[in-house]
Amino acid sequence: MIGTTWYCTNWSVSISRTGRKGERVAARPALAKREQIITTAARLIHLRGYKSTSIEDILQATGIGKGNFYYYFASKEELGFAILDWQTRR
């Protein structure tokens, strides 16, 4: 039986698919885009400072749209806290 399981953790949605024999068929990192935004924003903020780095700068550097940004972060402030969390986990 082929099945798909959806689950939501830490502002991300992951998809786990199993094939006919129950083996894992495909798994894509759900946090990849969010991590890309965080790492790019961290680099820009390190170079320019928090106040001097706009969301537009981050969008241009990552190549994503505003809707995509606001899917992962409600505001620039929330992104700033995510960067701090990311830095402490490294």
Side-chain angles (χ1 to χ4, degrees):
M1 175 180 246
I2 298 174
T4 302
T5 305
W6 295 75
Y7 57 93
C8 184
T9 58
N10 285 341
W11 296 89
S12 65
V13 176
S14 299
I15 301 172
S16 176
R17 294 188 181 145
T18 54
R20 293 177 191 253
K21 296 181 181 178
E23 73 276 3
R24 195 171 194 167
V25 176
R28 195 172 87 174
L31 297 176
K33 184 63 73 176
R34 188 173 194 272
E35 290 289 325
Q36 177 191 8
I37 296 168
I38 290 171
T39 55
T40 303
R43 181 177 46 85
L44 290 173
I45 290 170
H46 175 74
L47 295 172
R48 300 178 185 172
Y50 180 79
K51 287 189 175 188
S52 298
T53 303
S54 68
I55 291 177
E56 288 298 323
D57 295 334
I58 296 165
L59 297 178
Q60 188 175 20
T62 56
I64 64 167
K66 267 189 186 177
N68 222 2
F69 175 84
Y70 286 109
Y71 174 79
Y72 294 104
F73 305 101
S75 64
K76 182 180 169 186
E77 181 180 16
E78 186 177 316
L79 172 62
F81 286 121
I83 291 169
L84 292 174
D85 288 340
W86 174 73
Q87 288 288 345
T88 57
R89 286 185 285 127
R90 286 179 46 189

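These figures come from a predicted structure and were not determined experimentally. Just so you know, residue 1 is the first one in the sequence shown, and it goes up from there.
- Applying the salt bridge (charged side-chain N to carboxylate O under 4.0 Å, His left out) definition to pairs two or more places apart or across chains, those involving residues 40-57 are Arg48-Asp57, Glu56-Lys66.
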Could you list the donor-acceptor pairs under 3.5 angstrom formed between side-chain atoms of residues 82-90 and any protein atom two or more places apart in sequence or on another chain?
unit_1: Trp86; atom_1: NE1; unit_2: Glu35; atom_2: OE1; d: 3.4
unit_1: Thr88; atom_1: OG1; unit_2: Leu84; atom_2: O; d: 3.4
unit_1: Thr88; atom_1: OG1; unit_2: Asp85; atom_2: O; d: 2.8

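- Hydrophobic clustering keeps Tyr50 apart from Phe81 (ILVMFWY residues linked when any side-chain heavy atoms are closer than 4.5 Å, directly or through intermediates).
- Taking all atoms of both residues into account, the shortest heavy-atom contact from Ile37 to Thr62 is CA-CG2, 4.1 Å.
- The backbone N or O of Gly49 lies less than 3.5 Å from no partner atom in the side chain of Ser52, so there is not a single donor-acceptor pair.
- Looking at heavy atoms from C-beta onward, Phe73 lies in side-chain contact with Ile38 at the 4.5 angstrom threshold.
- Taking all atoms of both residues into account, the shortest heavy-atom contact from Leu59 to Gly65 is CD2-O, 3.7 Å.
- The shortest side-chain heavy-atom distance between Arg34 and Phe69 does not fall under the 4.5 Å cut-off.
- Atom OG in Ser75 sits 8.5 Å away from atom CG in Leu79 (nearest 0.5 Å).
- Proximity of Ile55 to Tyr70: side-chain heavy atoms (C-beta onward) are separated by under 4.5 Å at one or more points.
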